[in-house]
Amino acid sequence: MMLETQGLTLHYGGSQILHGIDFAAKTGEVTCIMGPNGVGKTSFLKALAGTHPRSGGTVTLDGQTLPVSRAQDMARRGLSVVPQGRMIFPLLTVRENLETAFAVLPKADHQIPDEVFTLFPILKDFLHRRGGDLSGGQQQQLAIARALIMKPKVLLLDEPTEGIQPNVIQQIGHVLEYLKAKGDMAIVLVEQYFEFAYGLADQVYVFRRGTVSASGRTDSFDKAALRAAVSV
């Protein structure tokens with residue numbers, strides 16, 4: 001199974017942000033998008049997730065072309081996003097935040113899988129706590145858990161380590177390793193924290209000014225050269 005884009009373009013008003021992105025992410029792998037700020041990484045995830053409509057090009061999942069759709073329709077098709085800033089509902093409880101994922105699932109699947117609490121034990125203890133009362137790291141765990149409840153074929157993560165304490169970063173890394181090993185989803189990771197990204201990624205795409213400047217298997221890159229290529 002694979003997610004692919006060909007010639008994907010995106011505009012904000014009159015400004016073109018993405019210039020013909022060709023991209024592929026395989027099930028059972030972590031595909032990492034790297035590069036400095038402002039090169040189109042988040043915009044690319046938004047185009048995939050349906051939160052900002054792409055201007056042109058194609059997106060295919062399992063060989064099926066996906067039309068330009070709203071975010072909830074893309075989620076129903078299997079693309080689940082953990083956005084930058086996490087987008088937790090601050091006045092809803094942890095349970096209620098998790099249950100917002102039910103909106104894209106058939107009625108028979110309206111339950112929180114035990115696996116979520118195995119991966120993120122803290123959430124079980126905090127089910128009745130408001131989302132806004134959680135720390136940044138706890139909110140990030142909640143955001144990833146909510147995305148997993150949607151049963152994604154593709155999990156899109158935008159800067160999951162941003163502003164997070166080291167022990168939670170380590171836990172998120174273990175969760176992503178576990179999900180990769182399960183082999184039933186493709187993981188697309190936008191990440192600035194180089195060591196975290198490099199340690200997880202099977203494949204890397206380097207973005208520059210809305211284009212792909214380099215791509216390949218992680219082990220095909222010289223680590224120092226890759227670090228230099230993705231830094232500001």
Side-chain angles (χ1 to χ4, degrees), residues 1-10 18-34 40-83 100-113 115-116 119 143-158 160 175-191 197 200-207 211-212 214-220:
M1 188 178 86
M2 194 181 293
L3 172 76
E4 287 185 275
T5 73
Q6 289 190 308
L8 189 143
T9 59
L10 181 140
L18 298 176
H19 303 265
I21 303 290
D22 295 337
F23 174 88
K26 292 180 186 169
T27 298
E29 292 192 353
V30 174
T31 303
C32 190
I33 302 169
M34 302 169 95
K41 304 185 303 292
T42 292
S43 295
F44 181 64
L45 282 201
K46 286 181 174 179
L48 293 178
T51 49
H52 189 92
R54 63 187 187 269
S55 312
T58 58
V59 178
T60 58
L61 183 61
D62 298 344
Q64 182 182 7
T65 301
L66 303 182
V68 177
S69 304
R70 297 173 307 166
Q72 57 263 48
D73 296 322
M74 292 303 257
R76 284 191 186 96
R77 293 172 184 273
L79 283 89
S80 201
V81 65
V82 181
T100 61
F102 295 170
V104 302
L105 296 172
K107 192 111 178 144
D109 292 334
H110 285 197
Q111 55 210 5
I112 300 170
E115 182 183 53
V116 162
L119 294 175
I144 296 170
R146 178 178 59 187
L148 293 178
I149 290 170
M150 296 181 196
K151 302 188 173 183
K153 296 176 183 174
V154 183
L155 181 64
L156 307 167
L157 296 142
D158 195 0
V175 167
L176 296 182
E177 290 280 11
Y178 165 80
L179 295 173
K180 178 164 87 163
K182 266 184 83 180
D184 60 0
M185 69 178 73
I187 299 169
V188 178
L189 174 66
V190 166
E191 185 53 68
L200 280 169
D202 298 284
Q203 181 142 307
V204 173
Y205 283 79
V206 180
F207 275 35
T211 64
V212 175
S215 65
R217 307 300 291 175
T218 308
D219 56 13
S220 71

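What you are looking at is a predicted structure, and each value in this text was computed from that prediction instead of being measured. In what follows, residues are counted from 1 in the order of the sequence shown.
Counting all heavy atoms, side chain and backbone alike, Leu45 lies closest to Leu156 at CD2-CD2, 4.0 Å. Annotation for Ser80 and Pro152: closest pair CB-CB, 3.4 Å, computed over non-hydrogen atoms. When every heavy atom of Gly183 is checked against every heavy atom of Thr27, the shortest pair comes out as O-CG2, 3.2 Å. When every heavy atom of Leu10 is checked against every heavy atom of Pro53, the shortest pair comes out as CD1-O, 4.1 Å. In this structure, Met74 and Pro67 approach most closely via the heavy-atom pair SD-O, 4.1 Å. Residues Val81 and Pro83 approach most closely at O-CD, 3.5 Å, considering heavy atoms.
Distance check, rounded to the nearest 0.5 Å: CG of Leu189 to CE of Met34 gives 8.5 Å. Taken from CD in Gln203 to OG1 in Thr218, the straight-line distance is 7.5 Å, to the nearest 0.5 Å. We find the CG-CE distance between Leu148 and Met185 to be 5.5 Å, quoted to the nearest 0.5 Å. To the nearest 0.5 Å, atom CG of residue Asp158 and atom OG1 of residue Thr42 are 3.5 Å apart. With values rounded to the nearest 0.5 angstrom, Leu66 atom CG is found 7.0 Å from Thr60 atom OG1.
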Between Thr31 and Leu3, does a side-chain contact (heavy atoms from CB on, under 4.5 Å) hold up when you go through it step by step?
CA-CA 11 Å; Thr31 303; Leu3 172 76; over 6 Å; no
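Using a 4.5 Å cut-off on side-chain heavy atoms (C-beta onward), Val154 and Val188 make contact. Taking 4.5 Å as the limit, some side-chain heavy atom of Val116 sits within range of a side-chain heavy atom of Ile149. With a 4.5 Å cut-off on side-chain heavy atoms, Cys32 and Leu200 do not count as touching. Glu191 has its side chain within reach of Pro160: a pair of non-hydrogen atoms, C-beta onward, lies under 4.5 Å apart.
Scored by the side-chain hydrogen bond (donor to acceptor under 3.5 Å, both in side chains) test, Thr100 finds no partners at all (sequence neighbours excluded). Qualifying salt bridge (Lys or Arg N to Asp or Glu O under 4.0 Å) partners for Lys26, counting only residues two or more places apart in sequence or in other chains: none. Among residues two or more places apart in sequence or in another chain, the side-chain contact (heavy atoms from CB on, under 4.5 Å) test is passed with Val175 by Leu119, Phe120, Leu179. Glu115 pairs by the side-chain hydrogen bond (donor to acceptor under 3.5 Å, both in side chains) definition with Tyr178, Lys182, not counting sequence neighbours. Partners of Glu29 under the side-chain hydrogen bond (donor to acceptor under 3.5 Å, both in side chains) rule, at least two apart in sequence or in another chain, are Arg217. In this structure Lys180 satisfies the side-chain hydrogen bond (donor to acceptor under 3.5 Å, both in side chains) test together with Asp202, sequence neighbours excluded. Thr5 is linked by a side-chain contact (heavy atoms from CB on, under 4.5 Å) to Leu8, Ile21, Phe23, Phe44, Leu48, Val59, counting only residues two or more places apart in sequence or in another chain.
Evaluation of the salt bridge (charged side-chain N to carboxylate O under 4.0 Å, His left out) test over residues 58-75, restricted to residues two or more places apart or in two chains, returns Arg70-Asp73, Asp73-Arg76. Residue pairs satisfying the side-chain hydrogen bond (donor to acceptor under 3.5 Å, both in side chains) criterion with at least one member in residues 44-53, sequence neighbours excluded, are absent.
No more than 12 heavy-atom neighbours from other residues, nucleotides or ligands sit within 6.0 angstrom of CD on Gln6.
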Just list the side-chain donor-acceptor pairs under 3.5 Å for residues 102-113, sequence neighbours left out, or say none.
residue, atom, partner, partner atom, Å
Asp109, OD1, Lys151, NZ, 3.4
His110, NE2, Phe102, O, 3.1
His110, NE2, Leu105, O, 3.0

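Within the 3.5 Å criterion, the main-chain N or O of Ala24 finds a donor-acceptor partner in the side chain of Tyr205.
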